[in-house]
> 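Got a structure for you, written out below as structure tokens; questions coming shortly.
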Amino acid sequence: MIRKGFARLSPRALKQVHGNLVVKGIASRLQPLRDLLLACVASFHGSMDYARKVFDGIPHPDLFMHNVMVRGYAHGGAPAEAFSLYRLIEVARLRPDAFTFCYLLRACAGLSGSRSGYQVHGAVLKLGLLKDAFIRNTLINMHAKCGDLQVASTLLDEAGEGDVVAWSAIIAGHAASGDLDIARKFFDDCRHKDLVCWNVMVAAYAKHGEMEKARELINCAPEKDVVSWNTIITGYAVKGMLKEALEVLDEMNCDGWMPDEATIVSLLSCCANLGSLETGRMVHFLHLEGRPVSIILGNALISMYAKCGDVQAAMEVFSRMKERDVWTWNSVIGGLAFHGQAEQSIQFFEKMLEAGMYPNAVSFLCVLGACSHAGLVEEGQRYFSLMKYRYMIEPTARHYSCIVDMLGRAGLLDEAFAVLSCMRCEPSAVIWRTLLGACRIHGNAALGKLARERLLKMNEDASGDYVMLSGIYASSGEWFGVETVRGSMDERGVIKVAGYAQVDEKIAYRSAL
DNA sequence: CTAGGGTTAG
């Protein structure tokens with residue numbers, strides 16, 4: 001009676017079904033539990049939390065159930081959890097099958113540069129599963145995605161000419177490593193191109209900003225689907241070409257295609273980055289009222305409204321969402337911080353912790369940004385420690401940049417330098433430049449000189465740093481320093497637009513007076 | 001319950 005149809009139920013209804021199974025005492029029979037698990041993985045829009053609760057409540061889950069969980073984690077971008085479930089399969093002394101390895105290899109494809117892909121490859125060989133075309137193609141995809149195109153090509157030879165799935169995986173792999181010409185060569189050599197194959201090549205151009213080539217190719221395609229159109233729209237969207245993206249939306253409409261969630265999400269992100277609230281609202285209306293709002297769509301909506309300044313609309317979307325993930329919270333925290341609403345941003349960070357959500361590196365970047373913006377030095381330092389010592393998140397150059405900026409704005413230049421000095425990674429040019437800027441504002445010529453020297457050593461286009469440094473010397477009354485800097489500018493042949501240099505010097509003059 | 005394509009936060 002409850003065999004089929006779970007997948008169409010809402011999360012709430014699923015919880016009821018789960019409860020009924022328990023009450024009626026049939027929660028120990030296999031098939032209803034398999035169906036329930038499948039439905040949980042399918043119905044909670046990528047969140048595996050509830051499925052995991054159900055799974056953990058099953059006394060002796062079979063291989064099928066383990067596989068469903070591995071699949072859920074692998075598709076949901078949680079490779080570590082996929083592997084931990086694989087370990088449970090071993091602990092339960094179950095024998096993993098081709099399904100298990102397909103999912104596991106998919107998880108590996110998301111772990112670029114890791115050895116785990118080779119380990120799974122080894123296990124596949126050991127179990128003699130390589131003759132399975134699904135396994136082989138997933139292996140090709142994994143190696144191609146992780147950059148080992150040598151191994152991928154060898155496997156392609158075994159797959160032969162007719163296997164278009166293997167070919168598209170190779171094309172995507174070359175595109176991912178930036179070799180568009182080689183990708184195109186494989187595309188041209190592919191004998192039995194299908195729709196996916198065309199879309200892979202179009203996406204390769206679009207991802208690298210080659211929109212003319214992407215358009216040219218899609219115009220030659222024998223058929224298109226909603227993914228083909230979304231590929232083009234996303235290409236324009238990431239370049240900030242909103243007008244062009246919207247024109248493609250019209251074009252796909254004329255061709256008889258309705259925008260789907262991916263279309264809307266892409267357009268929203270473009271509107272968010274450009275601050276185009278009116279267009280963002282219009283795009284929001286493309287999503288039909290009454291249709292479920294997935295986590296990704298909700299996140300994109302929050303981000304768009306928050307960044308465009310309509311905080312109330314962002315909060316409405318947030319409060320209507322049934323399930324939230326760390327991206328949801330980060331979108332709110334980051335959106336508020338971006339828009340200068342630091343206090344609110346910090347409030348939401350605290351609410352996120354209260355809700356039991358585990359913050360990640362981006363969460364801290366957002367809240368540190370808010371602290372820096374509002375000059376809340378103590379709070380910022382507290383969050384920085386929380387991140388390092390409680391959540392054990394290693395700060396990236398961006399986090400340091402935030403902290404240095406925060407301390408620098410407050411005039412705590414020595415503290416800023418101290419943080420920068422004990423960084424585990426090499427300080428980036430951005431960080432030195434941040435310090436340099438703070439030195440100029442607060443007139444610390446000695447530290448500014450040091451920062452400038454480090455910047456020059458980094459051997460990149462540093463024309464902005466020369467100008468900034470001339471500001472430092474000027475603001476602390478060391479006019480001789482200005483001459484020296486401008487002299488070395490000429491020697492090294494750094495070209496700086498005169499207007500900018502003049503404006504900068506005027507500011508320096510003013511702060512010196 | 002299996003393979004290749006498009007979608008979110010900094």
Side-chain angles (χ1 to χ4, degrees), chain A residues 34-35 37-38 41-42 45-46 62-72 74-75 77 97-106 109 129 132-142 144-145 159 163-173 175 190 194-204 206-207 225-235 237-238 259-269 272 294-304 306-307 325-335 337-338 360-369 396 398-399 401-402:
Chain A
R34 287 180 184 149
D35 291 341
L37 258 192
L38 263 179
V41 171
H45 356 266
D62 63 5
L63 182 64
F64 181 100
M65 297 173 188
H66 281 87
N67 282 351
V68 170
M69 294 300 288
V70 178
R71 185 187 68 150
H75 280 69
D97 61 4
F99 290 94
T100 320
F101 284 107
C102 267
Y103 306 143
L104 216 50
L105 286 167
R106 196 192 168 99
L129 290 169
D132 185 318
F134 284 96
I135 293 276
R136 190 183 49 228
N137 287 341
T138 319
L139 268 172
I140 292 176
N141 182 50
M142 185 273 295
K145 284 271 159 62
D163 196 336
V164 65
V165 174
W167 280 80
S168 15
I170 289 281
I171 295 166
C190 181
D194 65 358
L195 178 59
V196 174
C197 201
W198 280 87
N199 285 348
V200 168
M201 196 60 225
V202 173
K207 273 181 195 156
D225 66 358
V226 67
V227 175
S228 323
W229 292 107
N230 287 348
T231 304
I232 299 284
I233 289 178
T234 304
V238 295
D260 71 357
E261 195 180 297
T263 324
I264 296 172
V265 167
S266 273
L267 289 170
L268 284 174
S269 128
S294 75
I295 290 194
I296 291 185
L297 178 59
N299 294 350
L301 282 168
I302 291 173
S303 174
M304 183 277 290
K307 278 195 180 174
D325 63 7
V326 68
W327 289 61
T328 317
W329 288 95
N330 289 354
S331 299
V332 173
I333 298 162
F338 178 88
N360 64 13
V362 175
S363 321
F364 280 103
L365 201 56
C366 295
V367 76
L368 288 176
T396 66
R398 284 172 172 235
H399 295 97
S401 193
C402 236

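Residue numbering restarts at 1 for every chain, and letters A, B, ... go by the order of the sequence lines. Since this is a predicted model, take the numbers as computed values, not measurements.
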> Can you tell me how far C1' of B:dA3 sits from CZ of A:R136, to the nearest Å?
10 Å

> Take the protein atom CH2 of A:W327 and the nucleotide atom P of B:dA9, then report the distance between them rounded to whole Å.
6 Å

> Any side-chain N or O of A:K307 less than 4.0 Å from the OP1 or OP2 oxygen of B:dT8?
no

> When the distance from CG of A:L139 to C1' of B:dG4 is rounded to whole Å, what number comes out?
14 Å

> Just the rounded figure in Å: distance from C1' of B:dC1 to CE of A:M65.
12 Å

> Heavy atoms only, 4.0 Å cut-off, all strands: where does A:Y103 land among base, sugar-phosphate and nothing?
base

> Please work out if A:D194 contacts a base, only the sugar-phosphate, or nothing of the nucleic acid, heavy-atom cut-off 4.0 Å.
base

> Below 4.5 Å, heavy atoms only, C-beta onward: do A:L195 and A:S228 meet side chain to side chain?
yes

> Determine, answering yes or no, if A:F134 is stacked on B:dA3 under the 5.5 Å centre rule and the 30° plane rule.
no

> Nearest to the side chain of A:F64, which nucleotide is it out of B:dT7, B:dG10, B:dC1?
B:dC1

> Check whether any side-chain N or O of A:R106 sits under 4.0 Å from OP1 or OP2 of B:dT2, and answer yes or no.
no

> Among all residues two or more places apart in sequence or in another chain, which pass the side-chain hydrogen bond (donor to acceptor under 3.5 Å, both in side chains) test with A:D163?
A:N137

> Do A:L37 and A:M69 have side-chain heavy atoms sitting under 4.5 Å apart?
yes

> Does any donor-acceptor pair link the side chain of A:N330 with the base of B:dG10 at a separation under 3.5 Å?
no

> Nearest to the side chain of A:N360, heavy atoms from C-beta on, is which of B:dC1, B:dA9, B:dT8?
B:dA9

> If I take atom CG in residue A:D260 and atom P in nucleotide B:dT8, what distance separates them, rounded to the nearest angstrom?
13 Å

> Of the candidate nucleotides B:dA9, B:dT7, B:dC1, which contains the atom at the shortest distance from the side chain of A:S303?
B:dA9

> Just wondering, do A:R71 and A:L38 contact through their side chains at under 4.5 Å, heavy atoms?
yes

> B:dA9 C1' sits how many Å from A:L368 CG, rounded?
15 Å

> Ignoring hydrogens and angles, are the base of B:dA3 and the side chain of A:D132 linked by a donor-acceptor pair under 3.5 Å?
no

> Using a 4.0 Å heavy-atom cut-off, does A:N141 contact any base of the nucleic acid, only the sugar-phosphate backbone, or nothing at all?
sugar-phosphate

> Expressed as a whole number of angstroms, how long is the span from A:I135:CD1 to B:dC1:P?
16 Å

> Between the base of B:dG6 and the side chain of A:D225, is there a donor-acceptor distance below 3.5 Å?
no

> Checking A:S363 against A:N360 for the side-chain hydrogen bond (donor to acceptor under 3.5 Å, both in side chains) test, could you report, in this order, the C-alpha distance in whole Å, the side-chain angles of both residues, the deciding distance, and whether it holds?
CA-CA 5 Å; A:S363 321; A:N360 64 13; 3.0 Å; yes

> Between A:L63 (CG) and B:dT2 (P), how many Å, whole number?
14 Å

> Ignoring the backbone of A:R398, work out which of B:dG10, B:dG4, B:dC1 is nearest its side chain.
B:dG10

> Students often get this wrong, so: under 4.0 angstrom with heavy atoms, is A:V196 touching a base, only sugar-phosphate, or nothing?
base

> Remember a base hit wins even if backbone is also touched, and classify A:V164 as base, sugar-phosphate or nothing at under 4.0 Å, heavy atoms.
base

> Which one, B:dA3, B:dG10, B:dT8, comes nearest to the side chain of A:S269?
B:dT8

> Ring pair (Phe, Tyr, Trp, His ring centres under 6.0 Å) with A:Y103: which residues, sequence neighbours excluded?
none

> Let's test your reading of the model: under 3.5 Å, does the base of B:dG4 pair with the side chain of A:S168 as donor and acceptor?
yes

